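Each remark here refers to the structure printed beneath this line.
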Amino acid sequence: MGNSLLMFVERQASVGEPTLQERRTAEQNDKRILGNVVQCDGARATISAYAEDAEGTVTGQWTVGKMISINLGDTRTVGLVYGIGKSDRAWSNEGQNPIEVSIELIGEVRDGARPGAKPVFDRGITCYPHIGAIAHRIRSRDLQAVYDLAGRHSITIGTLSQDETIDANIAIDDTLARHFAIVGTTGVGKSTAVSLLLRKSIAARPDLRILILDPHNEFAASLPEYCVKVDSTTLDLPFWMFKLEEFAEVLFRGRETVPEEVDALRDLIPAAKSLYRNPNSGTSLRRGADAMTADTPVPYRIADLIKQIDERMGLLESKNDRPTLRSLKTRIESAAADPRYRFMFNSRLIEDTIHETIGNIFRVPHHGRPVTCFEMAGMPSEVVNSVCSVLARLAFDLALWSEGRLRLLFLCEEAHRYMPADPRLGFAPTRHALSRIAKEGRKYGCYLGVVTQRPGELDPTILSQCSTFFAMRLANEQDQAIIRSAIADSSASTLAFLSSMGQREAIAFGEGVATTMRLKFEKMSEDLIPGTAKREQALPSETGNDVDLVAIVERLRNVPKPQQAMAFAEVVDSGRQAGDPDYRKPLVARAQTDDDFDMRYGLKPATFGLRPQND
């Protein structure tokens with residue numbers, strides 16, 4: 001009783017602190033909110049209490065998910081309620097009903113050394129509760145101490161679920177540098193949480209660049225002042241920037257590659273690159289330190305590559321390889337003519353544009369817009385696989401060779417698409433590139449953000465490298481088991497709430513928080529919630545007559561609109577070319593083509609970007 005009186009005097013002395021529901025007043029009976037420890041082991045304890053107060057009114061003071069405090073004099077042991085019940089499983093309407101409260105021990109709080117100093121929380125427990133120790137709802141100052149980040153650079157992302165007057169803070173530098181994951185079933189607010197985290201991160205880290213793999217085209221509208229949108233029509237990623245494996249993925253359309261054709265490409269691509277750099281040197285390849293390989297990001301022409309294949313087919317000793325080479329040539333021509341690969345083959349001039357391409361995608365310089373949204377809705381899977389592999393590889397290489405000056409966050413929405421748990425699925429180079437970021441990226445300033453609704457289908461290697469988790473509602477038992485295995489501290493019982501959490505609620509644990517924290521994300525403005533604009537545009541009318549079938553079919557075919565051309569019946573002087581007087585097309589420079597250019601490629605010579613001829 002002396003301890004209780006002392007605590008009461010402390011609370012009366014704290015000026016300006018709001019009186020919360022957990023506070024006791026002199027008129028309240030101790031047994032309304034107090035209990036006593038009746039059992040304790042190294043990780044858990046049981047508290048005996050009453051469900052009613054002295055007047056017989058049932059109170060909700062002991063509920064699952066609440067923090068409680070056990071008074072031990074100089075220290076207070078903090079525990080989390082994970083179960084309550086009556087030992088006899090019977091309820092009596094006469095008298096008080098004794099209950100048992102099961103708690104998981106989290107750590108302990110001790111008062112500061114100087115008067116008025118803030119309490120200090122420690123995850124370890126130096127003094128365990130004794131039988132009969134008094135337990136009560138945790139004080140607000142102690143609750144703040146539990147989640148205090150000890151001076152680390154932090155941002156506020158919401159409030160605690162237990163006490164909405166206390167901010168939920170995370171250490172932003174540790175969250176980013178050691179990678180993070182946001183998991184939750186569909187519809188719980190993952191995308192909104194991601195948008196909130198990105199806004200807070202940009203405000204706290206102005207030097208941060210962010211590249212979002214956006215499979216649903218929803219993030220650009222939620223970050224309008226920070227974002228640059230890139231899709232298949234605006235993406236400029238030349239084919240010569242692809243590594244051999246990535247280029248083969250495009251040619252074989254996601255099917256298993258033919259080793260003989262890949263080996264031929266490995267020999268022919270360096271020859272085409274050599275022809276581009278030294279047009280008069282022939283096909284002889286240089287050996288030594290400055291030799292080029294099929295993976296070297298140096299420009300070359302598809303026309304030169306086709307020419308190399310034709311020449312090799314014409315050799316007498318290559319007659320056994322002719323079927324392989326003929327098949328390879330057909331694949332290259334087909335890919336170059338495919339409208340889905342316009343972003344790779346549509347360049348009019350094959351130039352060394354790697355600086356411009358990387359600067360546009362990774363926002364160097366960012367000009368006030370540090371976020372790039374790569375919108376992938378409607379893109380075929382083999383295109384997505386190759387492009388994601390290139391972007392992930394470039395992100396790591398940029399951070400590596402910038403020697404830490406470029407800070408880059410690579411955010412993967414629906415990450416199980418690129419990094420599936422089954423090694424037979426997915427695209428190996430993409431998996432390797434993302435694994436490299438996860439394992440080594442923090443050393444060079446390249447960070448990984450993983451967002452998925454199926455953590456059970458995600459590569460365990462990637463998930464194990466994420467040091468901070470935001471677990472939202474998960475209904476699948478397998479997914480819950482994955483998250484339970486990832487939690488590192490003694491708060492595993494917190495995850496028992498995974499299947500019953502509300503909207504915007506999450507359990508945060510790992511390096512970015514002081515201890516496992518159940519929080520509620522800030523509410524964002526309606527117009528900044530990802531996907532809201534698309535849903536408003538997609539609202540059907542009452543009559544259903546607003547469906548534009550013509551536009552739908554055009555997008556389904558994904559074929560570019562033809563340029564304005566002359567009528568078939570119009571007589572045209574065959575000597576007239578683009579740029580000549582009276583020609584209907586805009587004035588453009590005439591491109592001289594090679595005599596051996598094969599028009600069977602299905603594309604005009606200008607689309608292959610022949611180098612301008614020197615006078």
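Side-chain atoms are counted along with the backbone in the values below, which use heavy atoms only and exclude waters and symmetry mates. If you're wondering where the values come from, they're calculated on a predicted model, not measured in any experiment.
For the 3.5 Å distance criterion, the side chains of His216 and Glu414 qualify, holding a donor opposite an acceptor. Defined by atom type and a distance below 3.5 Å, a donor-acceptor pair is present between the side-chain atoms of Thr156 and Asn169. Arg199 and Tyr226 share no side-chain donor-acceptor pair at under 3.5 Å.
A side chain to side chain contact (heavy atoms under 4.5 Å, CB included) with Val387 holds for exactly one of Leu391, Asn385, Val384; it is Leu391. Applying the side chain to side chain contact (heavy atoms under 4.5 Å, CB included) test between Phe121 and each of Asp142, Ile106, Asp148 identifies Ile106 as the sole match. Here the rule is side chain to side chain donor-acceptor pair (under 3.5 Å) with Tyr447, and of His179, Arg442, Arg407 only Arg407 fits it.
In this structure, CG in Leu213 is found 9.5 Å from CD in Glu413, a value given to the nearest 0.5 Å.
The shortest heavy-atom contact between Leu528 and Pro224 is CD2-CD, 4.1 Å. Contact detail for Ala220 and Lys229: the closest heavy-atom pair is CB-CD, 4.0 Å. Minimum interatomic distance between Ser389 and Glu246 (heavy atoms only, all atoms of both residues): OG-OE2, 2.7 Å. Of all heavy-atom pairs between Ile172 and Ile155, the closest is CD1-CD1, 3.8 Å. Gln503 approaches Lys520 most closely through the heavy-atom pair O-CE, 3.7 Å. Contact detail for Pro215 and Arg417: the closest heavy-atom pair is CB-NH1, 3.0 Å.
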Between Thr63 and Ile84, does the side-chain contact (heavy atoms from CB on, under 4.5 Å) criterion hold? Intermediate values first, please. CA-CA 7 Å; Thr63 54; Ile84 55 175; 5.5 Å; no
Would Thr468 and Arg178 count as a side-chain contact (heavy atoms from CB on, under 4.5 Å) if you check the C-alpha gap in whole Å, the side-chain angles of each, and the deciding distance to 0.1 Å? CA-CA 7 Å; Thr468 304; Arg178 302 189 180 185; 5.8 Å; no
Let me see the working for Thr175 and Glu511 under side chain to side chain donor-acceptor pair (under 3.5 Å), right down to the final yes or no. CA-CA 7 Å; Thr175 300; Glu511 296 292 336; over 6 Å; no
Give the intermediate values and the outcome of side-chain contact (heavy atoms from CB on, under 4.5 Å) for residues Ser69 and Val109. CA-CA 9 Å; Ser69 179; Val109 175; over 6 Å; no
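Under a 3.5 Å cut-off, the side chain of Arg209 and the backbone N or O of Arg363 do form a donor-acceptor pair. For Glu108 (side chain) and Val78 (main-chain N/O), no donor-acceptor pair under 3.5 Å exists by modelled atom type. No side-chain donor-acceptor contact under 3.5 Å links Asp167 to the backbone of Thr159. Side chain of Arg342 to backbone of Pro339: a donor-acceptor contact under 3.5 angstrom is found. Proximity of a side-chain donor or acceptor of Asp479 to a complementary backbone N or O of Gly456 within less than 3.5 Å is detected. Panel note: side chain Arg137, backbone Lys66; no donor-acceptor pair is recorded below 3.5 Å. Side-chain atoms of Arg123 come within 3.5 Å of backbone N or O of Ala514 as a donor-acceptor pair. Arg473 places a side-chain N or O within donor-acceptor distance of the main-chain N or O of Met501, the cut-off being under 3.5 Å.
A perpendicular orientation is assigned to the rings of Phe396 and Tyr444, their planes being inclined by more than 60° (bins at 30° and 60°). Classification of the Phe180-Phe470 ring pair by plane angle, with boundaries at 30° and 60°, yields perpendicular. Below 30°, between 30° and 60°, or above 60°: for Tyr341 and Phe343 the angle between ring planes is between 30° and 60°, a tilted geometry.
Two rings, from Phe239 and Phe345, have their centers less than 6.0 Å apart.
Side-chain contact between Ile529 and Ser195 is absent, with no heavy atoms from C-beta onward closer than 4.5 Å.
Counting heavy-atom neighbours within 6.0 Å of His432 NE2, excluding the residue itself, gives a total of 12 or less.
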